[in-house]
Amino acid sequence: MQTKPASPTRTDPWYIRGTLIVLTFGIIGLLVVIPIVKVFGEAFRDGIGAYWTNLTGDPETRHSIFLTLMVAPVAVALNTVFGIAAAWCIARFRFPGRTILITLIDLPFSVSPVVAGLMFVLLFGSRTPVGAWLMAHGYQVIFAPPGLVLATAFVTFPFVARELIPIMEAVGTEEEVAARSLGAGGWAMFWRVTLPNVKWGLLYGMILCNARAMGEYGAIYVVSGRIGGVTSTMPIHVQKLFESGNKDAAAYALASLLTLLAILTLFIKVMIERKLRQDQAEAAKPMEAP
Amino acid sequence: MSSTNRRVLPGFSLSLGYTMLYLSLLVLIPLAVCFLKAADLSFGEFWTAVWNPRAVAAYKLTFFASLTAAAINVVLGLIVAWTLVRYEFPGRHILDSLVDIPFALPTAVAGIVYAKLYMDEGPLGQFLVPLGIKGAHSVFGIVLVLVFTGFPFVVRTVQPVLEDLDKEVEEASAVLGGNRWQTFYRVIMPVLIPPALTGFTLAFARAIGEYGSVVFISGNKAFETEIAPMLIANRLEENAYAEAAAVAVVLLVFSFALLVVINLLERWSKRHAN
């Protein structure tokens, strides 16, 4: 934890302190708390029973929940395997082009989600050569779940690699080299030494990746065609319910589920951060002697 | 180090090979296809697609709304970061976790709820009407949701720097006769400028590409409240694929330039911190 401001030179006068604290409550209250309260307030306006019916009564709503719970984990799994591979070669080896590779991994964060969706439509849409060929062989990518997975995986591409690279670098190679010299094979070393050492960082990246994957709207909007019961994910379906005019209560109910997932994500994130800080403190202890 | 590592640690070619393959399939090839599609157009067609009055209006709105939102985020972010690091008060930890909500909350949910809150009859929008401000379906609304989506950036870049700020430096300034304001102005401010600027650029870059939150509150009117990503989506719905790709190329080039700026800024901040 951080040091407390003990010395008088670091303490601000009470009126500045008071003003800034009130302002902080005001800023976070207005920007974050009021919208969240609004979602839950509207969702539960007619009671728990109505809320439950709103969530489970409509087959399209049920399908959107199911679809999001299918698409997001696949995208997270793809990016996790990639993240581990990328972190291993970047944190453990020096090779020409390494810096460029790091920059390229960050690239998807600076691409607008709409552009991301557009790219996959241009590559796999029914009018493109690749898309037409796949269609002829019975595979539809755009306006179908595979397109949703691709767009989601693109938008969340950097999360796991980004969290894992610095953590793997910080852990160092000593234990891995030791395992190797004791005769451990490559995979044995990976499962027994490397992975346990970075597990919290990996989980952290996966949680953030999952939150973004479940909530993605812009890229999905473009590749999905928003076909109810087929390609409408939860965020898309929330929008459709709102736009249908008389289903605000159902829309808020589904939105509250997404909001709950976001809050849960932050909760897990805080827990992992605490765990990571503990690990760091333990690792630093023997070296703090002087 | 590299040569010993490669002899002792396994998996270099496997991991690098897989990384390059996945990166190419998911990122590089689709990006290249987007540029190629835009190249389908002749130069004249490309120029009319990216530089007509509607597109220029969209670029201008995207640029200025993002810039305004990022600037507001710097002010809000500095206040919140300072308060969370320097003061002890009940609710501090909860506020600290709430800062990340805009990263975790789906942008579409945020956009819809903001639109409901700030429309003319909405619980917050009704207070803006007497002031002559339209909360939703307006540029005000666009800036508002962009402030929301970019809010965590400045807080999270400034916070660690503020935590690491050497207590002795501030005390030395006080001992040497500097008053509180001088200490802040001469000692603290210069340290906070690089992270604040990094946060500003990150928020700005995020805002440029933002779609999900903006589309609901903006009203999506060409020439008035149509931002660049919306223009791309609208062109796609008209089945004008090459034109959509052309506008996307403009947006991509601008975003890549920003990515370079962000990298330079982060390098500069790091050097500054040492």
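To find a chain, count down the sequence lines: A is the first, B the second, and so on, and within it residues start at 1. Computed from a predicted model, the values in this text were never measured in an experiment.
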Is chain A contacted by the side chain of [X], its backbone, both, or neither, given a heavy-atom distance below 4.5 Å?
X        : value
B/Val249 : neither
B/Leu26  : both
B/Ile112 : side chain
B/Pro229 : both
B/Leu31  : both
B/Leu259 : side chain
B/Phe254 : neither
B/Leu98  : both
B/Ala245 : both
B/Ala233 : both
B/Leu21  : neither
B/Met230 : neither
B/Ile208 : neither
B/Leu76  : both

Answer yes or no: is there a side-chain heavy-atom contact under 4.5 Å between [X] and [Y]?
X        : Y        : answer
B/Phe103 : A/Leu208 : no
A/Phe25  : B/Thr83  : no
A/Leu101 : B/Leu23  : yes

Minimum heavy-atom distance [X]-[Y], with the two atoms named:
X        : Y        : answer
A/Ser112 : B/Gly209 : OG-O, 2.7 Å
B/Cys34  : A/Leu122 : CA-CD1, 3.9 Å
B/Val80  : A/Thr24  : CA-OG1, 3.8 Å

**Message:** Less than 6.0 angstrom separating the ring centers of B/Phe12 and A/Phe95, yes or no?
**Reply:** yes

**Message:** Just so I understand: if I count every heavy-atom pair under 4.5 Å between each of A/Glu176, A/Gln239, A/Glu216 and chain B, which residue has the most?
**Reply:** A/Gln239

**Message:** Out of A/Ala211, A/Pro108, A/Ala153, return the one with the most heavy atom pairs under 4.5 angstrom to chain B.
**Reply:** A/Ala153

**Request:** Let me see the working for A/Lys269 and B/Asp100 under salt bridge (charged side-chain N to carboxylate O under 4.0 Å, His left out), right down to the final yes or no.
**Result:** CA-CA 10 Å; A/Lys269 181 173 167 273; B/Asp100 281 327; 2.5 Å; yes

Identify which part of [X] has an atom lying under 4.5 Å from any heavy atom of chain B, answering side chain, backbone, both or neither.
X        : answer
A/Val33  : side chain
A/Phe120 : side chain
A/Leu123 : both
A/Asn79  : both
A/Tyr221 : side chain
A/Ile27  : side chain
A/Arg180 : side chain
A/Val222 : side chain
A/Leu266 : side chain

**Request:** Check whether any side-chain N or O of B/Tyr114 sits under 3.5 Å from a backbone N or O of A/Leu31 as a donor-acceptor pair, and report yes or no.
**Result:** yes

**Message:** Using side chain to side chain contact (heavy atoms under 4.5 Å, CB included), reason through A/Asp248 and B/Lys116 one step at a time and then give a plain yes or no.
**Reply:** CA-CA 10 Å; A/Asp248 272 20; B/Lys116 294 276 175 189; 3.0 Å; yes

**Prompt:** Angle class for the A/Phe157/B/Tyr22 ring planes (parallel below 30°, perpendicular above 60°, tilted otherwise)?
**Reply:** parallel

